[in-house]
Amino acid sequence: MDERYAPRMQIIDPATDQVLDEVSEDTGETLTNKAARALAGQKRWAALPFAERHATLKRFRDLCLKRASQLALTLTSEVGKPVAQARNEIKGLLARLEFFLEHTAAELEPEIVQQTAELEERIAHEPLGVIANISAWNYPYFVGSNVFVPALLTGNAVLYKPSEFATLTGLAIARTLHDAGVPEDVFTPVLGGGAIGEALLDQPISGVFFTGSYNTGRQIAIRVAPRLLKTQLELGGKDPVYVANDVDVAAVAAGVADGAFYNTGQSCCAVERVYVHEEIWEAFLDGFLSAARGFVLGDPRDPKTYIGALARRRPALELLQAQTDDALGKGAKLELGGKRADRPGWFFEPTVFTNVSHEMRLMREESFGPIIGLMKVGSDEQALELMTDTDYGLTAAVYTRERARAERLLSAIPVGSAYWNCCDRVSPKLPWSGRKHSGIGATLSTYGIETFTQPKAWHLKNGL
Ligand code: NAD
């Protein structure tokens with residue numbers, strides 16, 4: 001056995017710093033066996049009539065609904081997500097499942113593009129084979145199901161590596177899929193941290209679908225490049241919001257604060273930078289601070305809690321402290337928070353800075369926590385320049401009464417999702433994708449179904 005792999009992995013409750021459970025990690029040997037079984041399982045699964053796979057995933061939907069409370073509690077216990085938000089995640093999962101259940105059949109339908117007495121030309125949509133789904137912990141139901149549900153419906157087998165910080169949830173997902181009737185060799189959890197993720201890439205897979213940080217995504221892309229593997233990467237962001245001078249300031253301030261702090265700021269599309277027109281600056285700051293002060297930080301199991309624990313002690317707490325110290329050292333003004341909360345567990349107070357600049361780490365690096373910089377701007381043009389000054393390209397938002405003004409600005413920003421008068425939002429009907437360091441490829445929408453298939457061109461000639 002490769003000694004890099006610890007045989008047992010502790011699951012820690014981030015709200016108490018206590019051990020919740022222990023599970024066995026995969027080793028090189030168990031992983032190779034799982035991959036071999038998945039290769040055989042995929043062929044049987046793909047050979048089933050589509051209606052059978054559809055009925056199985058529909059049962060998975062029904063079981064998620066039935067088990068929603070327990071699934072939400074498990075998620076809360078290991079990632080520190082406030083339980084009300086964990087329940088929202090399971091509810092949101094159902095909308096995704098329904099989208100995929102409704103739209104996959106049409107995507108798999110063969111297309112006859114030429115038909116004469118002598119010649120038929122046809123496009124068939126075949127599954128990729130066995131895919132690796134390497135996942136993040138922050139929304140394990142969302143980011144996981146974006147991959148494994150359409151992958152399974154289209155006839156692929158999935159080697160699913162949940163984040164090591166959401167292992168119990170990964171196991172609960174696997175159990176629910178198996179109870180619904182997905183064979184164990186068709187959906188197989190692979191347990192462990194980065195090393196086992198890396199080992200998974202070396203298995204006989206036909207594609208890798210990754211959700212996580214830019215740094216890990218880049219390492220994965222480099223590792224699989226020589227094999228020319230299909231690679232899809234959903235990565236981080238530094239998502240900006242611009243609030244123009246013509247809005248209902250109080251309502252927008254509350255909405256933007258929610259976009260920044262929901263899920264304790266640990267959303268890939270969380271608001272990470274706010275630019276505010278100088279004419280409404282004072283009123284916006286008041287509204288934003290009053291919303292942030294109202295967010296209840298506490299035990300994630302309490303339904304009143306809005307700010308829970310950070311899922312990871314390292315690097316999250318150190319990173320938030322380093323961004324805070326760097327901003328203060330460069331002249332930022334601390335309006336709220338700025339330190340660990342005084343309680344056991346891995347909590348950071350909701351933190352708001354003004355007087356910020358793009359020289360500060362806070363305005364350049366993904367923070368992925370309850371911390372935000374607000375910056376005053378004099379014009380739409382200045383806002384546009386600052387919004388595009390980033391390595392990332394996940395989402396951007398503009399708040400204004402004028403739709404044309406928002407569309408003009410958003411068209412000029414290289415992002416996968418553009419929001420007018422909303423933020424931190426995902427729709428199953430729209431493609432979810434990033435530009436630049438935010439990733440390649442798309443999940444959700446019909447793009448996110450097609451991506452798990454490959455076309456075969458049939459040239460069928462009569463008459464010999
Ligand atoms: P991460 O990159 O640390 O880990 C993600 C997964 O990769 C984990 O399962 C981890 O074990 C695995 N991994 C780590 N090193 C690996 C390696 N060398 N080879 C293969 N696998 C490896 O990210 P995280 O902390 O789990 O998630 C947070 C990040 O994910 C943030 O940057 C966030 O923005 C991003 N994210 C993006 C989206 C999106 O849709 N764009 C959604 C959710 C999260």
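Excluded from the calculations below are hydrogen atoms, water molecules and symmetry mates; all remaining heavy atoms, backbone and side chain alike, are included. Atoms within a ligand are numbered from 1 in the order they appear, just like the ligands themselves. By convention here, the first residue in the shown sequence is residue 1.
Within the 4.0 Å heavy-atom criterion, both parts of Thr211, backbone and side chain, lie near ligand 1. With a 4.0 Å cut-off on non-hydrogen atoms, Gln266 does not touch ligand 1 at all. Residue contacts with ligand 1 for Asn215 are absent, since no atom lies close enough (heavy atoms, distance under 4.0 Å). Within the 4.0 Å heavy-atom criterion, both parts of Glu198, backbone and side chain, lie near ligand 1. Under 4.0 angstrom from ligand 1, the non-hydrogen atoms of Trp432 all belong to its side chain.
Ring centroids of Phe209 and Phe148 are separated by 6.0 Å or more, keeping the two rings apart. Ring-centre distance between Trp346 and Phe165: not below the 6.0 Å cut-off. Ring centroids of Phe187 and Tyr160 are separated by less than 6.0 Å, placing the two rings close together. For an aromatic pair to be called close, the ring centres must be under 6.0 Å apart, and Tyr399 with Tyr242 fails this.
Annotation: Gln454, atom CD; neighbour count of heavy atoms from other residues, nucleotides and ligands within 6.0 Å is above 12. Atom CZ of Arg425 is surrounded by 12 or fewer heavy atoms from other residues, nucleotides or ligands within 6.0 Å.
Closest protein heavy atom to atom 27 (O) of ligand 1: Ala136 CB, 3.5 Å. In terms of protein heavy-atom proximity, atom 28 (C) of ligand 1 is nearest to Phe368 CE2, 3.6 Å. With respect to atom 9 (O) of ligand 1, the closest heavy atom belonging to the protein is Ser135 O, 2.8 Å. For atom 22 (C) of ligand 1, the closest non-hydrogen atom of the protein is Thr216 CG2, 3.5 Å. Of the protein's non-hydrogen atoms, the one nearest atom 32 (O) of ligand 1 is Glu366 OE1, 2.6 Å. Ranking protein heavy atoms by distance to atom 7 (O) of ligand 1, first place goes to Phe210 CE1, 3.2 Å. With hydrogens left out, the protein atom closest to atom 21 (N) of ligand 1 is Gly197 CA, 3.6 Å, a heavy atom. Distance from atom 12 (C) of ligand 1 to its nearest protein heavy atom, with residue and atom name: Ile134 CG2, 3.7 Å.
Taking the centre and axis of the six-membered ring of Tyr139, the NZ or CZ atom of Lys81 falls inside the cone set by 45° and 6.0 Å. Cation-pi geometry between Arg340 and Phe347 is not met at under 6.0 angstrom from the ring centre and within 45 degrees of the axis.
Close approach of ligand 1 to Gly194 (heavy-atom distance below 4.0 Å) involves ligand atoms 11 (O), 13 (N), 14 (C), 15 (N), 16 (C), 17 (C), 19 (N), 22 (C). Close contacts of ligand 1 with Asn138, meaning ligand atoms under 4.0 Å from a residue heavy atom, involve 43 (C), 44 (C). In the vicinity of Gly236, heavy-atom distances shorter than 4.0 Å reach the ligand 1 atoms 32 (O), 34 (O). Heavy-atom contacts of Arg312 reach the following atoms of ligand 1: 25 (O) (cutoff under 4.0 Å). For ligand 1, the atoms lying closer than 4.0 Å to a non-hydrogen atom of Gln219 are 18 (N). Heavy-atom proximity to Trp137, at under 4.0 Å, picks out these atoms of ligand 1: 24 (P), 25 (O), 26 (O), 27 (O). Atoms of ligand 1 found under 4.0 Å from any heavy atom of Val143 (numbered from 1 in listed order, with element): 42 (C), 43 (C).
A donor-acceptor pair under 3.5 Å links the side-chain atoms of Thr231 to the main chain of Leu229, judged by distance alone.
Under the 4.0 angstrom criterion for non-hydrogen atoms, Gly193 is in contact with ligand 1.
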Fill in: Candidate pair Asp202 and Arg223, rule salt bridge (Lys or Arg N to Asp or Glu O under 4.0 Å), full reasoning
CA-CA 9 Å; Asp202 297 335; Arg223 192 173 179 107; 2.6 Å; yes
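Arg8 has no carboxylate O lying under 4.0 Å from a charged side-chain N of Asp21, or vice versa, which leaves the two without a salt bridge.
Checked by atom type, the side-chain pair Ser213/Thr216 shows a donor-acceptor distance below 3.5 Å.
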